[in-house]
Each structure stands twice: as structure tokens, then as C-alpha cells.
Amino acid sequence: MPGPRPVVLSGPSGAGKSTLMKRLMRDHEGIFGFSVSHTTRNPRPGEEDGKDYHFSTREVMQEGIDNGDFIENAVFSGNMYGTSKAAIEDVLAMNKICILDVDIQGVKRIKETDLNPIYISIQPPSMEILETRLRDRQTETEESLQKRLEAARIDMELSNEPGVFDAVIINDDLERAYEELKDMLNDEIQKIQEKS
Ligand SMILES: Nc1nc2c(ncn2[C@@H]2O[C@H](COP(=O)(O)OP(=O)(O)O)[C@@H](O)[C@H]2O)c(=O)[nH]1
Ligand SMILES: Nc1ncnc2c1ncn2[C@@H]1O[C@H](COP(=O)(O)OP(=O)(O)O)[C@@H](O)[C@H]1O
């Protein structure tokens with residue numbers, strides 16, 4: 001019997017993906033598992049290696065990519081990011097709903113695989129609000145902030161193309177966005193709750 005469908009969360013940096021995902025995982029203990037990506041970017045204060053990301057070097061990541069260990073990889077804001085096969089298999093083996101947080105390039109690559117996830121885009125209400133949220137988060141240099149805003153413009157355009165996402169959620173009011181996200185995932189959540 002096939003396991004629960006994975007969920008791909010995408011959308012601009014600063015749109016609120018991590019905030020919504022962390023809440024979803026906290027409110028549904030044992031239901032979701034995060035696909036821990038690899039990245040070459042530096043850890044932020046509070047981020048844990050192996051939990052938020054596998055923080056890696058270019059050389060090590062490239063070797064893994066060349067070995068065929070990744071289902072997709074991309075360069076975002078000058079750093080490498082990628083989803084290893086093991087990251088997904090670890091979660092699926094526990095029969096949990098696997099959540100992937102990937103950029104729009106990752107979405108396109110994953111569509112070429114047989115993963116068959118639910119695709120959800122989290123979007124900010126406007127570019128201005130996105131910029132304010134990113135600045136207030138205080139994680140970026142001016143340079144990386146500008147790169148993220150540039151990527152956000154591209155993301156916002158591509159995400160509105162029909163057929164790319166199963167749902168586009170505007171994260172204006174956090175409570176309402178969270179309810180919309182839960183509604184999208186209700187069937188999969190119930191499937192797991194019925195089994196346990
Ligand atoms: N393609 C791809 N994108 C990823 C992966 N992991 C994270 N990302 C994306 O990389 C971008 C930057 O992530 P991050 O540096 O954590 O910054 P944040 O999104 O602003 O918190 C985001 O759009 C993520 O969705 C991955 O494994 N593959
Ligand atoms: N609905 C919202 N209203 C106001 N601030 C928000 C909302 N959603 C998220 N934020 C804040 O915006 C910032 C970016 O959110 P985050 O979850 O880190 O985005 P992402 O993971 O998509 O990069 C964080 O500081 C977060 O606390």
C-alpha cells in the first residue's frame with residue numbers, strides 16, 4: 001500500500017514557509033517528517049546541523065550530486081541547495097508525511113520524478129511586506145536580501161502559471177494561512193491518524 005503523499009512547500013524566501021511548517025509539525029506530533037536538505041550556506045544562529053539543514057561544503061555536495069545521491073539540486077542566492085534521496089527515504093520509512101521546503105527550481109525538478117507530492121506555494125501579500133519581513137528577520141546581509149528579493153519576483157511570476165501548484169496560499173494573516181494549509185493536508189493527516 002502506498003504511504004502518505006509528500007508535501008512540497010515553496011514560495012519566496014521570507015514568505016513564511018518555515019513558520020507555517022514548524023507550527024504544522026508542532027500541532028501534529030509524529031505525523032510529519034521534514035526532508036532535511038543539504039546546503040552550502042552558513043548556519044544562522046539557532047540552526048542545527050542535521051535538523052534544519054545538512055550544512056555542507058561545495059566539494060562534498062558536488063560529490064554527492066555526481067554520485068546520484070540527490071533527487072534535485074539548485075543554486076539559490078549564490079549557495080547550493082539539494083534534496084538527497086536519503087532525506088526523503090528516512091521520512092517515508094517512518095510512514096510520515098514528508099515535507100520538503102524547496103525553491104521553484106526544485107519544484108520543477110521534483111515534477112520530473114515519481115515522488116507525486118502535493119505542491120503548495122506560500123506567497124507574501126506584496127513585495128513590500130516581503131521585504132519588511134525579511135529585514136525584520138535579521139538573518140540576511142544587504143546583498144543576500146537583494147538576491148532573495150530578485151528571486152522572489154521570479155518566483156511570484158512562475159507560481160501563478162496554471163498547473164504548477166495545487167494551491168497558492170497568501171500568507172497575510174498567519175492564522176488564516178495556517179488554516180488554509182491544514183485544510184489542504186487534512187485528507188493525508190487523517191489517513192495517518194486512522195492507521196495509528
Ligand atoms: N531546490 C531546493 N531549494 C531548497 C532546498 N532547501 C531549501 N531550499 C530553498 O532555498 C531557499 C533559501 O533557503 P534558506 O537559505 O533557508 O532561506 P529562507 O528560505 O529565507 O529561510 C528557499 O527558497 C528554500 O525553499 C533544497 O533542498 N532544494
Ligand atoms: N503572517 C505573517 N505575518 C507577519 N510576519 C510573518 C508572517 N508569517 C511569517 N512571518 C515572519 O516573517 C519572517 C519570514 O518567515 P519565514 O517563516 O522565516 O519564511 P521562509 O521560511 O519562507 O523564508 C519571519 O521573521 C516570520 O516570523
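Note that ligands are numbered from 1 as they come in the structure, with each ligand's atoms numbered from 1 the same way.
Using a 4.0 Å cut-off between a side-chain N of Lys or Arg and a carboxylate O of Asp or Glu, R133 and E128 do not qualify as a salt bridge.
In terms of protein heavy atoms, atom 21 (O) of ligand 1 is closest to R44 NH1, 3.0 Å. Among protein heavy atoms, the minimum distance from atom 9 (C) of ligand 1 is reached at D103 N, 3.7 Å. With hydrogens left out, the protein atom closest to atom 16 (O) of ligand 1 is Y53 OH, 2.5 Å, a heavy atom. Looking from atom 23 (O) of ligand 2 to the surrounding protein, the closest heavy atom is G14 N, 2.7 Å. With respect to atom 8 (N) of ligand 1, the closest heavy atom belonging to the protein is D101 O, 3.5 Å. Considering only non-hydrogen protein atoms, atom 28 (N) of ligand 1 sits nearest to E72 OE2, 2.6 Å. In this structure, the protein non-hydrogen atom closest to atom 20 (O) of ligand 1 is S13 OG, 2.5 Å.
Only backbone heavy atoms of P12 (N, CA, C or O) come within less than 4.0 Å of ligand 2; its side chain stays farther off. Contacts between I122 and ligand 2 below 4.0 angstrom, taking non-hydrogen atoms only, are absent altogether.
For H38, the ring-ring contact (aromatic ring centres under 6.0 Å, His included) partners two or more places apart in sequence, or in a different chain, are H54, F70. Residues passing the side-chain contact (heavy atoms from CB on, under 4.5 Å) test with M127 are L130, L149, A152, R153, M156, sequence neighbours excluded.
For ligand 2, the atoms closer than 4.0 angstrom to any heavy atom of K17 are 17 (O), 19 (O), 20 (P), 21 (O), 22 (O), 23 (O). Set against the non-hydrogen atoms of T19, the atoms of ligand 2 under 4.0 Å away are 9 (C), 15 (O), 16 (P), 17 (O), 26 (C).
Where the criterion is an N or O separation shorter than 3.5 Å, residue side chain and backbone included, S37 meets it with respect to ligand 1. For the pair R137 and ligand 1, the shortest N or O to N or O distance falls below 3.5 Å.
The shortest separation from a heavy atom of Q105 to ligand 1 is not under 4.0 Å, leaving the residue out of contact. Within the 4.0 Å heavy-atom shell around ligand 1 one finds R148.
When the options E143, E131, E140 are evaluated for a salt bridge (Lys or Arg N to Asp or Glu O under 4.0 Å) with R148, the one that passes is E140. Screening L181, L9, I122, V7 for a side-chain contact (heavy atoms from CB on, under 4.5 Å) with M21, the sole residue that qualifies is L9.
One finds the OH atom of Y53 at 6.0 Å from the OG atom of S37 (value rounded to the nearest 0.5 Å).
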